[in-house]
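Each remark here refers to the structure printed beneath this line.
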Amino acid sequence: MTTTTITARERMLLAQTAARGIALLGDAEKRDALLMIADAIDDAAVQIVEANAEDLERGRAGGLSVALQDRLRLDQPRVSALATAVREIAELPDPVGRVLDARTLANGIELTKIAVPFGVVGSIYEARPNVTVDIAALALRAGNAVVLRGGSAAELTNAALVRTMRGALAAGGLDPEAIQTVDEFGREGARELMQARGVVDVLVPRGSAQLIETVVTESAVPVIETGAGVVHVFLDESAPLEWAVEIVVNAKVQRPSVCNSVETVLVHRSAADRLVPAVTAALEERGVTVHGDPEILRLDPEAVPATEEDWATEYLSLDLAMRVVDGLDDAIDHIRRYSTHHTESIISQDPGNIERFLAEVDSAVVMANTSTRFTDGSEFGFGAEVGISTQKLHARGPMGLAELTSTKWLARGIGQVRP
């Protein structure tokens, strides 16, 4: 069980070797491995929560933000939820071997395009122990090995989770080296992971905009970029008051420290007098500070003045920016300027405006008449998610099993040569 390697590079090479065996596992074998991991997490819940409590205590003493403390925290229900997510992933269809294209050439060669594992999936993230389990489970279900760098804030929690998952693999007769962590190597481990081109096949960063930017700009390994969430809700002229209040409050308050919580609300000018007082009152009743433009300040004396910086801020806290816009065109222009292309939603009963918003807003997920909090792998039926990609190559939006596979062309002939 205990790895005897002395360098981060050696850990990654072990993962690369293990990946070859994991890639050949059948559907039932991968399913059973994940079910064993889920049971092991449940069995180790007390130890995991104890390790997490130590991480939280260190975080509070070191000034870790309230938002990151919430992401870091694991109690018994959250540990149970991690195990449940692994079981849900286990029951999902195997993405490997799917036939994506098939054709027979004029010369008789049969071509088939199939889904295959990446090989080794790396992830760099911070204060998110759920990512340790989610990415490991998704990677294994898709036939990959995984190398994790979870950051110092969750070091003890991640160690307990990795130890538990590796133990489950070993107990099931599978290579535990398929799950690796380079946490003990600190920032140097992260740098090694970013430079492991040819060993690690793809790298997925999860965390702050600064962390993601660092990985994207410094990594030699191909990166799937998961972006920050400057998320918008637009209250159109015809937005029902009840929907506006309930959706905005849910999108902001239900869990403000995550990337799919709303950060900016735009309100159609002709509906501002009708909607703003009720929406801001409901938000402020729940502890939200509204940062408003002059029109919002006129309608809500409790609001504080918004600055230019507010429109581009991912608060991840009980803060929200609100602005009155002249109409749909103005709302779309604002989103184009300030959005991180994560998730945007329109609240409206105008079919034409809804369809224009859905067609013209260029984000990974665009919604109508629902909370942005639904942008989530588990809510989309993926069991869990690797991250929410805001780029356009390979994957976009919540990433599940299919996004952890690549493709291979198989050509079957009967002696053909090219003339």
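Here, residue 1 is the first one in the sequence, and each next residue gets the next number.
The shortest distance between side-chain heavy atoms of Phe357 and Glu344 falls below 4.5 Å. Under the 4.5 Å side-chain criterion, counting only non-hydrogen atoms from C-beta, Glu379 is not in contact with Arg373. Residues Leu203 and Ile124 form a side-chain contact, since some pair of their non-hydrogen atoms from C-beta on lies under 4.5 Å apart. Using a 4.5 Å heavy-atom threshold, the side chains of Asn158 and Leu148 count as separate. Two residues are said to be in side-chain contact when any heavy atoms from C-beta on lie closer than 4.5 Å; His291 and Met322 fail this criterion. Between Arg149 and Thr181 the shortest side-chain heavy-atom distance does not fall below 4.5 Å.
Interatomic distance, Asn52 CG to Asp75 CG, rounded to the nearest 0.5 Å: 8.5 Å. Note: Leu299 CG to Arg274 CZ = 13.0 Å, rounded to the nearest 0.5 Å. Going from atom CG of Asn369 over to atom CE of Met367 covers 11.5 Å, rounded to the nearest 0.5 Å. Note that CD of Glu54 is 8.0 Å distant from CZ of Arg58, once rounded to the nearest 0.5 Å. Note: Ile347 CD1 to Ile247 CD1 = 3.5 Å, rounded to the nearest 0.5 Å. Atoms CZ and NE2, on Phe234 and His268 in that order, are 5.5 Å from each other to the nearest 0.5 Å.
Tyr125 and Thr132 are linked by a side-chain donor-acceptor pair at a separation below 3.5 angstrom, with hydrogens and angles left out of the test. Side-chain contact, Ser348 with Ser238: a donor N or O sits under 3.5 Å from an acceptor N or O. Checking Ser257 against Asp70 by side-chain atom types alone, a donor-acceptor pair falls below 3.5 Å. When only modelled atom types and interatomic distance are considered, His342 and Asn260 share no side-chain donor-acceptor pair under 3.5 Å. Side-chain polar atoms of Tyr338 and Glu308 form a donor-acceptor pair below 3.5 angstrom. No donor-acceptor contact under 3.5 angstrom links the side chains of Glu88 and Ser378, judged on distance only. Donor-acceptor pairing under 3.5 Å is recorded for the side chains of Gln180 and Glu177.
Between Asp183 and Arg11 there is no salt bridge, since no side-chain nitrogen of the basic residue lies less than 4.0 Å from a carboxylate oxygen of the acidic one. We find that Glu225 and Arg396 are not joined by a salt bridge, their nearest charged nitrogen and carboxylate oxygen being 4.0 Å or further apart. With respect to Asp134 and Arg206, no salt bridge is recorded, no charged nitrogen being found less than 4.0 Å from a carboxylate O. Residues Arg298 and Asp273 are paired through a salt bridge, judged by an N-O separation under 4.0 Å between the basic side chain and the carboxylate.
Glu29 contributes a side-chain N or O that, together with a main-chain N or O of Gly26, makes up a donor-acceptor pair within less than 3.5 Å. For the pair Lys408 (side chain) and Ile114 (backbone), a donor-acceptor distance under 3.5 Å is absent. In this structure a side-chain-to-backbone donor-acceptor pair under 3.5 Å is present from Thr340 to Val230. The main-chain N or O of Thr7 is found under 3.5 Å from a side-chain atom of Glu10 such that the two form a donor-acceptor pair. For Asp293 (side chain) and Val324 (main-chain N/O), a donor-acceptor pair under 3.5 Å exists by modelled atom type.
Of all heavy-atom pairs spanning Leu140 and Ala178, the tightest one is CD2-CB, 4.1 Å. For Pro205 against Ile224, the heavy-atom pair with the smallest separation is CD-O, 3.2 Å. For the pair Asp310 and Thr264, the tightest heavy-atom approach, listed with the atom from each and the gap, is O-OG1, 4.5 Å.
A side chain to side chain contact (heavy atoms under 4.5 Å, CB included) with Ile332 is found for exactly one of Val325, Val361, Leu266, namely Val361.
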After noting the C-alpha distance and the side-chain angles of Asp362 and His341, does the key distance pass the side-chain hydrogen bond (donor to acceptor under 3.5 Å, both in side chains) rule? CA-CA 6 Å; Asp362 182 21; His341 308 290; 4.8 Å; no

Just do the side-chain hydrogen bond (donor to acceptor under 3.5 Å, both in side chains) check on Ser261 and Gln254 with the steps written out, would you? CA-CA 8 Å; Ser261 64; Gln254 199 260 344; over 6 Å; no

Run the salt bridge (Lys or Arg N to Asp or Glu O under 4.0 Å) check on Asp27 and Arg141 step by step: do they pass? CA-CA 8 Å; Asp27 180 18; Arg141 191 69 175 97; 2.7 Å; yes

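Using bins of under 30°, 30° to 60° and over 60° for the plane-to-plane angle, the ring pair His232/His334 lands in the perpendicular bin.
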